[in-house]
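Down below is the structure, laid out as structure tokens.
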Amino acid sequence: MLGCKEEAKNEIHSVAEAKSSVTQSVYAVTSEGEEVYKYSLINTKGMQMEVITMGGAIISLTAPDRDGKYEDVVLGYTTPDLYLNGNPSYFGAIIGRYGNRIAKGKFTLEDIDYQLPVNDEVNHLHGGKGFDQKIWKAKIISEDEPSLKLSYTSIDGEEGYPGNLNVTVIYTLTNKNALEISYEADTDKTTIINLTQHSYFNLSGNFKTILDHNLELKADRFLTVDSTLIPTGELRYVAGTPFDFTTAKNIGKDINADNDQLVIGKGYDHCWIFNNTVKHMKEVAGLYHKESGRYMTVYTDQPAIQFYSGNFLDGTLKSKKQGNYEKRSGLCLETQHYPDSPNQKEFPSVVLKAGELYKTKTIYEFSVK
Ligand code: BGC
């Protein structure tokens with residue numbers, strides 16, 4: 001009975017404009033006795049999003065198919081414990097201070113050498129025990145255009161990074177079925193920053209595979225990587241390679257191609273450089289699931305995107321739908337700066353100084369085709 005109710009809640013058909021809302025409830029309590037809250041946002045079209053204060057993680061997000069059927073399009077765990085104890089796949093979470101990898105966890109800033117924790121073989125990944133594992137403060141900004149502000153202060157030295165960093169992330173579920181994510185941060189000491197969002201999308205409504213999705217990336221070049229997924233420094237043209245998504249391409253088409261670069265990451269786990277790197281909002285990517293008609297457009301002011309095809313999902317995590325999450329049952333489109341930028345002088349700067357404001361925005365907009 002309960003199961004039916006849950007499903008009915010998440011999978012409503014679009015109705016005439018309804019009242020939007022944001023509601024709060026207690027989601028779970030950590031072993032230290034701290035409460036983790038859940039916020040449920042609903043827009044006037046009936047699109048829903050659930051966010052928890054642990055990691056600012058989006059645990060569900062619905063989008064309509066071409067018949068107006070709203071279904072969950074982001075992967076998540078079925079119980080709170082994995083969100084509370086390390087979020088091993090970074091499902092839906094805010095990633096920081098530095099999304100993606102820093103070689104050997106080392107970098108030098110203003111003549112000071114820093115050593116960050118090494119948590120991905122020989123490298124530092126996603127900020128170590130990063131923002132995905134912190135409890136954020138939440139404040140409802142608006143119920144008319146459902147909007148939630150999350151804040152977190154990362155103290156000087158946390159996970160080895162310099163400077164007290166105040167971060168805010170605002171999630172807005174617009175009444176045009178777009179999820180807008182606005183990030184801001186400031187520091188009291190020179191530091192590095194590269195924030196992103198780690199939702200795994202699957203537009204099918206069943207979370208089985210993303211190999212039947214089509215992807216378009218407005219990027220003529222990508223970063224080649226070494227065997228530990230650190231950029232070699234080369235910006236290679238995608239033309240004639242499996243990395244060419246300049247016109248919409250089926251993700252499954254080349255994924256098993258005999259290409260060294262795809263073997264290294266066990267599939268796509270690379271950073272594409274947008275043709276337009278000017279720091280203003282631009283359309284950068286499109287994801288399409290033909291059967292359902294669901295289409296997701298990505299806009300950002302960031303210079304690059306990590307397209308990760310869920311290669312390390314291994315069938316051990318239970319799906320919110322049927323069965324388990326198999327390899328490639330979801331994909332991430334993480335807008336960001338280039339990986340390992342602090343060590344690669346030619347890459348755009350990720351340095352944030354005291355008195356400066358880090359400000360960036362990404363939009364995931366849902367429609368049908
Ligand atoms: C990275 C992958 C990593 C995954 C973890 C992605 O952002 O690019 O290499 O395995 O996050 O979920």
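Only heavy atoms go into these numbers, but all of them, side chains included; no hydrogens, no water, no symmetry mates. Both counts, for ligands and for their atoms, begin at 1 and track the order of listing.
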Could you tell me how the ring of W272 sits relative to the ring of H270: parallel (under 30°), tilted (30 to 60°) or perpendicular (over 60°)? perpendicular

If only side-chain N and O atoms count, and only distance matters, is there a donor-acceptor pair under 3.5 Å linking N100 with Y308? no

According to the interplanar angle, ranging from 0 to 90°, do the rings of Y268 and F243 count as parallel (below 30°), tilted (30 to 60°) or perpendicular (above 60°)? perpendicular

Please state whether the rings of F201 and F366 are parallel, tilted or perpendicular, taking 30° and 60° as the class boundaries. tilted

Proximal atoms of ligand 1 relative to E334 (non-hydrogen, under 4.0 Å): 6 (C), 7 (O)

Counting each atom of ligand 1 from 1 as listed, which ones have a heavy atom of Q306 under 4.0 Å away? 8 (O)

Aromatic rings Y161 and H124: how do their planes relate, parallel, tilted or perpendicular, breaks at 30° and 60°? perpendicular

Atom 4 (C) of ligand 1 - nearest protein heavy atom and its distance: Y308 CE2, 3.7 Å

Starting from atom 6 (C) of ligand 1, what is the nearest protein heavy atom, named by residue and atom, and what distance separates them? H198 NE2, 3.3 Å

Criterion side-chain hydrogen bond (donor to acceptor under 3.5 Å, both in side chains) on N166 and T153, from CA distance to verdict: CA-CA 4 Å; N166 301 307; T153 296; 2.9 Å; yes

Can you report which non-hydrogen protein atom sits closest to atom 5 (C) of ligand 1, along with the distance? Y90 CD1, 3.6 Å

Would you tell me which option among D269, D132, N87 has the nearest heavy-atom contact to atom 8 (O) of ligand 1? D269

How does H270 reach ligand 1, by side chain, by backbone, by both or by neither, if only non-hydrogen atoms under 4.0 Å count? neither

At a 4.0 Å cut-off, with the gap strictly under it, does some heavy atom of Y200 reach an atom of ligand 1? yes

Do R101 and D340 meet the salt-bridge criterion of a basic N to acidic O distance under 4.0 Å? no

What protein heavy atom sits nearest atom 3 (C) of ligand 1, and how far away is it? R101 NH2, 4.0 Å

What's the shortest distance from atom 10 (O) of ligand 1 to any protein heavy atom, and which residue and atom give it? F312 CD1, 3.1 Å

Heavy atom of S89, distance to ligand 1 below 4.0 Å: yes

Geometric cation-pi criterion K321 and F207, 6.0 Å radius, 45° cone: yes

